[in-house]
Number of protein chains: 2
Amino acid sequence: MSETIPEKDMQPQGPELDIVHLLRAVTVELGLLSGRFASRNHMHPTDVRALIALMDAARAGEETTAGRLGAALGLNSAGTTALVDRLERAGHVRRVRSERDRRRVVIEVEEQAVALGWAFFGPLIGRTAELLRGYDERELAAIRGFLEGVREAAAGEG
Amino acid sequence: MSETIPEKDMQPQGPELDIVHLLRAVTVELGLLSGRFASRNHMHPTDVRALIALMDAARAGEETTAGRLGAALGLNSAGTTALVDRLERAGHVRRVRSERDRRRVVIEVEEQAVALGWAFFGPLIGRTAELLRGYDERELAAIRGFLEGVREAAAGEG
DNA sequence: CCGAGTATCTCGCTCGACGAGATAATAGAG
DNA sequence: CTCTATTATCTCGTCGAGCGAGATACTCGG
């Protein structure tokens, strides 16, 4: 394996650039991790994204309907139905017809699925929280501000 | 399955937790963005991941063979061949038989593809770099250290 | 109570990814 | 130098996630 290609600066550099690349590396790593979680539990990446979206909504105290879930994941209605079918068959969620509008199907996450995710991602979350405990308020504010800025910038693009 | 997961404690206390969720939100947002890039250019998410991996390797001065690319993306050999076929057909990469080991196929990214990616992601990168310019050295070090810590923690899990 | 609007599901299809195995090139033993 | 093991890539047949089109079920304003 020769690495003869010289290190050329194809991109404008500066101390900020390595952070940008670090961030991308982190997202890649997290993507691979959730992929490992998926295949270990005989799920597809989309299924994992769906569970995360569902738990997120639940945390925020919102009901998630089939339609909302599909929209959040960028699936059309057919794909969404198939997704919920898979998750339901695997016992990760259950369909509940909404009382007030019986066209709606509310998706609820089974406790078993929550436990599964927590068992897998818990250690990482714990380690990250521990890592954060080493910073003072100003540093935490910087990290928070940076992430918020990136999220907004990413949401605004495209 | 059932064990000590009291609902309240799963998202416990601490100012750190919102940063964990922020980070996840950022990765979700970046994932959606690259999805928009993919469909806008008639590509599949895997194709985008492949181009990113290829450009990454190129920046690090490494040649990428078909096999390495497939391994990096978690594809088997058949899928890798199909992937490179797609990218080549679209004019984003070219296959080059390695001189010294003629079994090897080195994948090179076409300049056109680099320009395409830069045109789409450049603004976000620029905005992020600008955002980072607002922090002093200690804050930048905190951000860098946090991201590095998360990357290592994520790589270590699973 | 009818028709427009909305939410979800069904059907048929495409194509990305997989497993198995073929093909081609290299490296090493004798 | 030839035979064999190993490595890198590609081919073939198959599966299944997601799409487009349209069916079905329910709600609500006139």
Side-chain angles (χ1 to χ4, degrees), chain A residues 1-2 31-32 34-36 38-51 53-54 57 62-90 92-108, chain B residues 31-32 34-54 57 62-90 92-108:
Chain A
M1 242 129 295
S2 65
L32 289 174
S34 82
R36 286 199 290 279
S39 70
R40 183 175 302 190
N41 294 290
H42 313 104
M43 300 167 71
H44 296 264
T46 302
D47 302 15
V48 178
R49 289 170 56 213
L51 285 180
L54 287 168
E62 293 166 4
E63 285 189 333
T64 306
T65 63
R68 279 172 95 74
L69 177 61
L73 301 177
L75 299 182
N76 75 358
S77 63
T80 303
T81 298
L83 166 69
V84 177
D85 281 351
R86 278 197 308 275
L87 290 173
E88 195 170 45
R89 219 178 306 125
H92 296 314
V93 305
R94 59 178 169 271
R95 281 176 162 96
V96 179
R97 280 275 168 193
S98 171
E99 277 305 313
R100 71 187 65 192
D101 184 343
R102 295 238 299 275
R103 291 169 304 180
R104 285 182 145 87
V105 170
V106 176
I107 315 293
E108 293 178 359
Chain B
L32 289 174
S34 82
R36 287 199 288 278
F37 172 73
S39 70
R40 183 175 302 190
N41 294 289
H42 313 103
M43 299 167 71
H44 297 264
T46 301
D47 302 15
V48 178
R49 288 170 57 213
L51 285 179
I52 290 174
L54 287 168
E62 292 167 5
E63 286 188 334
T64 306
T65 62
R68 278 172 96 74
L69 177 61
L73 300 177
L75 298 183
N76 73 359
S77 63
T80 303
T81 298
L83 165 70
V84 178
D85 282 351
R86 280 198 308 276
L87 290 174
E88 194 170 46
R89 219 179 305 125
H92 296 316
V93 305
R94 59 177 168 272
R95 280 175 162 97
V96 180
R97 281 274 168 193
S98 170
E99 276 305 312
R100 74 188 66 189
D101 184 343
R102 296 237 299 276
R103 291 169 304 182
R104 284 182 145 86
V105 171
V106 177
I107 315 294
E108 293 178 0

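Chain identifiers are assigned alphabetically (A, B, ...) following the order of the sequence lines, protein sequences preceding nucleic acid strands; residue numbering begins at 1 within each chain. Scope of the values below: all heavy atoms of this structure, side chains included, with no hydrogens, waters or symmetry mates.
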Problem - Along DNA chain D (nearest heavy atom to each residue), the more 5'-positioned of Arg97(B) and Asp47(A) - result: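 Final value for this comparison: Arg97(B).
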Exercise for the section: With DNA chain D as reference, determine whether Leu83(A) or Asp101(A) sits nearer its 5' end, using the nearest nucleotide of each. Expected result: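 Taking each residue's closest nucleotide, the earlier one in sequence belongs to Leu83(A).
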Between [X] and [Y], is there a donor-acceptor pair closer than 3.5 Å when you use the side chain of the first and the backbone of the second?
X	Y	value
Arg94(A)	Glu88(A)	no
Arg97(B)	Arg103(B)	yes
Asn41(A)	Met43(A)	no

Problem - Check: Arg103(B) side chain, dT7(D) base, donor-acceptor under 3.5 Å - result: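 By the distance-only test, yes, there is a pair.
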Would you indicate, yes or no, if [N] has its OP1 or OP2 atom less than 4.0 angstrom from a side-chain nitrogen or oxygen of [X]?
X	N	answer
Asn76(B)	dA17(C)	no
Thr46(A)	dG18(D)	yes
Arg95(B)	dA8(D)	no
Arg104(B)	dA8(D)	yes
Arg102(A)	dT6(C)	no

Considering every strand and a 4.0 Å limit on heavy-atom distances, what is the contact class for [X]: base, sugar-phosphate, or nothing?
X	answer
Ala78(B)	base
Thr80(A)	nothing
Gly74(A)	sugar-phosphate

Problem - Candidate nucleotides dC9(C), dA20(C), dC18(C), ranked by approach to the side chain of Ser77(B) - the nearest - result: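 Out of dC9(C), dA20(C), dC18(C), the nucleotide with an atom closest to Ser77(B)'s side chain is dA20(C).
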Problem - Closest approach of Ile107(B) to Thr65(B) (non-hydrogen atoms, all atoms of both residues) - result: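 Looking at all heavy atoms of both residues, the shortest contact is CG1-C, 4.2 Å.
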